[in-house]
2 protein chains.
Amino acid sequence: MNTPVEASPTALPPSEHDHQKCVSTALGTAEHLCVVRGVQLTPIRHQVLELIWESHKAVKAYELLDRIKPLQSAAKPATIYRALDFLIEQGLIHRVESLNAFVGCSSSGHQHEQLLLICKHCHEVEERPATAVMQALSQEFDQAGFIVHSKAIEIHGICVKCVALGDD
Amino acid sequence: MNTPVEASPTALPPSEHDHQKCVSTALGTAEHLCVVRGVQLTPIRHQVLELIWESHKAVKAYELLDRIKPLQSAAKPATIYRALDFLIEQGLIHRVESLNAFVGCSSSGHQHEQLLLICKHCHEVEERPATAVMQALSQEFDQAGFIVHSKAIEIHGICVKCVALGDD
DNA sequence: GAGTTGACGTTATAATATAACACCCGATTT
DNA sequence: AAATCGGGTGTTATATTATAACGTCAACTC
Ligand SMILES: [Zn+2]
Ligand SMILES: [Zn+2]
Ligand SMILES: [Zn+2]
Ligand SMILES: [Zn+2]
């Protein structure tokens, strides 16, 4: 019961939802965390984060490059990759390994390394804490004697919204 | 053979183990499955599978390309990627998404989409069924209304062998 | 024996990512 | 103030990973 500020950023992910709120919450949290941590959310980094949050879909690095050029005409691959590295380090975005793409983290500052549910139809990515899964995983690691550094749990399929639409 | 055909292919993964047995079991199983399925384990595909099984480490596509050239001097990227596509389709290898690399499947023909434990120190990949985890996952998907097509569960850290050696 | 299919050869290029070095600027030190 | 330092960025080049497109050949089929 510790954080009043970051109540429930994007509990429901893709639906008819107030996406402006997703964006403003994500950016607000990011700004706050960076101040607290004494790291710089520079204009470039902020813009990249904003571009990533334009939707709940995972975005490719070169797509971001194209989209940031109107704002940063000098942008080159390194520009984007450096911003992405920063945002990942700060836990503000996730890299989706199985897509070589990036998606906003909807629980920045909270528990990380959640499940990613990736819809093949609408391409949106839903993040879920899945505590039961994580507990089972911990037991598995203990059994295996494996010391975890990081997890990538990426599930591809059809999201509930698209299932409802009959797209499978 | 003194054991039933697919008894325990590589239950223990990286240790002082009879790796020749890993290899011959994997290749034998592959040959058998391809016959049963009426698909062709051509020389190129067989060689690629063999090269992948040289160790329990995940191997890069271009590494395979270099290593197959002595045998197939005409080999080009497409040669390798086509063989890899086939082997993945047949469930004989896994693509390790977070490494852009490939590793032999130690339970070909059995249940798939297991946990991959990837050691940052020795780079070996251990595959585990982790049934408790998979059950918890299924429940999670039911709750989310998500229809699964495929899973990539990749855990990075230090394996039990390297922990024992004090490398963490 | 014409048509179809699957595997492979070959060339080219696309897509993803990093290395290396230079410059700027603001903060700290002298 | 001058020197120093570090973080962020600009810039060029290159490395790494992956696919597209088209041709050939051999086997199988009708
Ligand atoms: Zn939203
Ligand atoms: Zn969907
Ligand atoms: Zn072995
Ligand atoms: Zn290890």
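Naming convention: chains lettered A, B, ... in sequence-line order (proteins, then strands); numbering from 1 in each chain. As a basis for the values below, the full set of heavy atoms in this structure was taken, side chains included, without hydrogen atoms, waters or symmetry mates.
Using modelled atom types and a 3.5 Å distance limit, the side chains of B:H56 and B:E126 yield no donor-acceptor pair.
Atom NZ in A:K69 sits roughly 17 Å away from atom P in D:dT9 (whole-Å rounding). Note: OH (B:Y81) to C1' (C:dT10) measures 17 Å, nearest angstrom. When the P atom of D:dA15 is taken as reference, atom CG of B:L65 falls 16 Å away, rounded to whole Å. As rounded to whole Å, 15 Å separates atom P of D:dT11 from atom CD1 of A:I80. Between the CG atom of A:D85 and the P atom of D:dG7 there is a distance of 15 Å, rounded to whole Å. Atoms CG (B:L84) and P (C:dA7) sit 15 Å apart, rounded to a whole Å. The CD1 atom of A:I68 sits 10 Å away from the P atom of D:dT9 (whole-angstrom rounding). Atom-to-atom, CG of A:N100 to C1' of C:dA14 comes out at 13 Å; the value is rounded to the nearest Å.
For A:K76, counting side-chain heavy atoms from C-beta on, the closest listed nucleotide (D:dT12, D:dG7, C:dG9) is D:dT12. Nearest to the side-chain atoms of B:Q40 among the listed nucleotides C:dT16, C:dT10, C:dG6 stands C:dG6. Taking only side-chain atoms of A:Q72, from C-beta outward, the nucleotide of D:dG10, D:dA18, D:dT11 with the closest atom is D:dG10. Taking only side-chain atoms of A:R45, from C-beta outward, the nucleotide of C:dT16, D:dT9, C:dT11 with the closest atom is D:dT9. Closest to the side chain of B:A74, out of D:dT17, C:dT10, D:dT9, is C:dT10. Side-chain atoms of A:I44 lie closest to D:dT9 of the nucleotides D:dA18, D:dT9, D:dT17.
Remark: the A:R82 side chain and the D:dG10 base include a donor-acceptor N/O pair separated by less than 3.5 Å. A donor-acceptor contact under 3.5 Å is formed by the side chain of B:Y62 with the base of D:dA18.
The salt bridge (Lys or Arg N to Asp or Glu O under 4.0 Å) contacts involving residues 28-57 of chain A comprise A:E54-A:R67, where partners must be two or more places apart or lie in separate chains.
Hydrophobic clustering (side-chain heavy atoms under 4.5 Å, transitive across Ile, Leu, Val, Met, Phe, Trp, Tyr) groups A:V39 together with A:L49.
Outside the 6.0 Å centre-distance limit, the rings of A:H121 and A:H123 are not counted as a close aromatic pair.
When the side-chain nitrogen and oxygen atoms of A:K60 are compared with OP1 and OP2 of C:dT16, one or more of them lie within a distance under 4.0 Å.
With salt bridges taken as basic N to acidic carboxylate O contacts below 4.0 Å, one links A:R128 and B:E140.
Closest-nucleotide positions on DNA chain C for B:V39 and A:E63 were compared, and the one nearer the 5' end corresponds to B:V39.
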